[in-house]
Enquirer: 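Below is the structure I would like to discuss, written out as structure tokens.
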Amino acid sequence: MKRRNVIFKGVVAITALSVVPTAMAQSLQAVLTTPPPLICAHRGWTDPSETENSLSQMRRTHQVGPFMMEIDLAKDASGRIVLLHDQNVDRTTTGHGLLAALNPVDIQKLLLKNASGPTQEHIPAYDAVLDWAARTPDVLLMLDIKDVPPADALNPVRRQHLSDRVVVLTFQEKQAREAFKADPDALISVLVTTPDDLATYRQIAGHRRFAAYIPKTSKPSLFRTAHQAGAIIITDLLGPTAVTDIMSPEEGAHHARSLPIDILVTNTPLQLQAALRKHP
């Protein structure tokens, strides 16, 4: 597969202002100029037995990869953004109830859980994750902002000078428009299921390059049309619950080699990495 050069408006300016030395920082632009795909660790873990949306797990995932890491954003009762996939805390913590009803003091009492039971880690604050990313030059983040307004998610990204190291997932047109407006330098991903979607978002993005999140079951022609239109292609190997993959690492590697895929999201990044190396 041919290498693809990616140009983002304002990347040079953002990198120059970065809190880490420019020579050390590794932007998404730089990574996407290497042979694809870039592997993204779903929920920041190396496999579903680990702790999801956990800062300590993200550190470990980064060390063994490094991989891009997908994280889920949500707000507590105070309006503070934290990392949590569900609306309630029951599945992933030792607590119960809606996150939106819990204040920071309540949340601090909860412990995250994984397949082995409770850990010693609390739900991480979004600001803490961005602080870590700003101190670690090659950390790349995929932000599933869910119901968090795009500006609320992206304003702290801009303050930390991380716009060139994030991709923001949006799944509705209104949300996408708000995300494009909130940060002129971040890579915005939009859901593309038809050529008409591609045309709509091409018009909304204007001169900006954007990412097209294409469902894995889409026709190969849609992947190729989006690639020819200049979009960065994102897809995933996730199953119906998203906690496990519906494709094996070997099937995922074949998928990535047969289609123009730039970023591939998986629950088993280490296994997918091995499969891609086995079948270059």
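When a residue number appears, it is its place in the shown sequence, counting from 1.
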Enquirer: Compute whether any side-chain donor of one residue and acceptor of the other, for S163 and D185, lie under 3.5 angstrom apart.
Expert: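 Short answer, no.
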Enquirer: Does R59 reach the main-chain N or O of W132 with its side chain, forming a donor-acceptor pair under 3.5 Å?
Expert: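 No, R59 side chain to W132 backbone: no donor-acceptor pair under 3.5 Å.
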Enquirer: State whether the side chain of R209 and the backbone N or O of G230 hold a donor-acceptor pair below 3.5 Å, judged by distance alone.
Expert: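 Between the backbone of G230 and the side chain of R209 there is a qualifying donor-acceptor contact (under 3.5 Å).
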Enquirer: Report the residues that fulfil side-chain contact (heavy atoms from CB on, under 4.5 Å) with E251, sequence neighbours left out, ordered by chain and then residue number.
Expert: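 Applying side-chain contact (heavy atoms from CB on, under 4.5 Å) to E251 gives M247, S248.
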Enquirer: With the side chain counted from C-beta on, respond yes when R165 and V139 share a heavy-atom pair under 4.5 Å apart, and no when they do not.
Expert: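 The answer is yes, as the side chains (C-beta and beyond) meet within the 4.5 Å cut-off.
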Enquirer: Identify whether I233 and L143 are in the same connected component of the hydrophobic contact network (ILVMFWY, side-chain heavy atoms under 4.5 Å).
Expert: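 I233 and L143: one cluster.
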Enquirer: If we ignore hydrogens and angles and just use 3.5 Å, is the side chain of Q175 paired with the main-chain N or O of F171 as donor and acceptor?
Expert: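 Between the backbone of F171 and the side chain of Q175 there is a qualifying donor-acceptor contact (under 3.5 Å).
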Enquirer: Suppose we screen for side-chain contact (heavy atoms from CB on, under 4.5 Å). Which residues come up paired with S49, at least two apart in sequence or across chains?
Expert: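 Expected list: D47, A115.
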Enquirer: Once rounded to the nearest 0.5 Å, what's the spacing between atom OG of S56 and atom CD of Q120?
Expert: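 Separation between the atoms: 10.5 Å.
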Enquirer: Please determine whether side-chain hydrogen bond (donor to acceptor under 3.5 Å, both in side chains) holds for the pair D131 and Q160, giving the CA-CA distance in whole Å, both sets of side-chain angles, and the decisive distance to 0.1 Å.
Expert: CA-CA 7 Å; D131 285 344; Q160 292 279 19; 2.4 Å; yes
Enquirer: Look at the side chain of T51 and the backbone N and O of N114, then say whether any donor-acceptor pair between them is shorter than 3.5 Å.
Expert: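 No: the side chain of T51 does not pair with the backbone of N114.
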Enquirer: Verify, without hydrogens or angle tests, whether T200 (side chain) and D196 (backbone) share a donor-acceptor contact under 3.5 angstrom.
Expert: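 Yes; judged by distance alone, with no hydrogens or angles, the pair exists.
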Enquirer: Do the side chain of T119 and the main chain of L112 share a donor and acceptor less than 3.5 angstrom apart?
Expert: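 Between the backbone of L112 and the side chain of T119 there is a qualifying donor-acceptor contact (under 3.5 Å).
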Enquirer: Nearest 0.5 Å, what's the CG-CG distance between L191 and L169?
Expert: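 These two atoms lie 10.0 Å from each other.
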Enquirer: Report yes or no: do R43 and H85 form a side-chain donor-acceptor pair below 3.5 Å?
Expert: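 H85 and R43 do have a side-chain donor-acceptor pair below 3.5 Å.
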Enquirer: Please name the residue in the list L99, L102, L98 that meets the side chain to side chain contact (heavy atoms under 4.5 Å, CB included) test with N88.
Expert: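 Only one option passes, and that is L98.
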Enquirer: May I ask you to decide if D90's main-chain N or O and T93's side chain share a donor-acceptor pair within less than 3.5 Å?
Expert: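 No; zero donor-acceptor contacts below 3.5 Å.
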Enquirer: Residues two or more places apart in sequence or in another chain: which of them pass side-chain contact (heavy atoms from CB on, under 4.5 Å) with P220?
Expert: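 Applying side-chain contact (heavy atoms from CB on, under 4.5 Å) to P220 gives R224, L259.
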Enquirer: Is L84 reachable from L55 through a run of I, L, V, M, F, W or Y residues, each pair having side-chain heavy atoms under 4.5 Å apart?
Expert: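 Different clusters: L55 never reaches L84 through Ile, Leu, Val, Met, Phe, Trp or Tyr contacts under 4.5 Å.
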Enquirer: When you check the gap from the basic side-chain N to the acidic O, do E52 and R91 get nearer than 4.0 Å?
Expert: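 Between R91 and E52 there is a salt bridge, with a charged N closer than 4.0 Å to a carboxylate O.
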Enquirer: Residues two or more places apart in sequence or in another chain: which of them pass side-chain contact (heavy atoms from CB on, under 4.5 Å) with Q273?
Expert: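 Partners of Q273 under the side-chain contact (heavy atoms from CB on, under 4.5 Å) test: I39, F67, L270, R277.
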Enquirer: Do Q57 and T61 meet the criterion of a side-chain donor-acceptor pair at a distance under 3.5 Å?
Expert: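 Looking only at side-chain atoms, T61 and Q57 do form a donor-acceptor pair, the distance falling under 3.5 Å.
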Enquirer: Is a donor from one side chain sitting under 3.5 angstrom from an acceptor on the other, for T266 and D245?
Expert: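 Yes - a donor-acceptor pair under 3.5 Å links their side chains.
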Enquirer: Measure the shortest side-chain to side-chain distance between L141 and L130 over non-hydrogen atoms and say whether it is less than 4.5 angstrom.
Expert: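 Counting from C-beta outward, L141 and L130 do come under 4.5 Å.
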Enquirer: Can a donor-acceptor pair be found, under 3.5 Å and without considering hydrogens, that links the side chain of R60 to the backbone of T46?
Expert: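 No; zero donor-acceptor contacts below 3.5 Å.
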Enquirer: Just one of L140, L264, D262 clears the side chain to side chain contact (heavy atoms under 4.5 Å, CB included) bar with L38, so which one?
Expert: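 Checked L140, L264, D262 against L38; only one passes side chain to side chain contact (heavy atoms under 4.5 Å, CB included): L140.
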Enquirer: Sequence neighbours left out, what passes side chain to side chain donor-acceptor pair (under 3.5 Å) with H62? Give chain and number order.
Expert: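 Residues passing side chain to side chain donor-acceptor pair (under 3.5 Å) with H62: D138.
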Enquirer: Please list all pairs passing the salt bridge (Lys or Arg N to Asp or Glu O under 4.0 Å) test where one or both residues lie in residues 61-79, with sequence neighbours left out.
Expert: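 Matches after skipping sequence neighbours: D72-K146, K75-D152, D76-R80.
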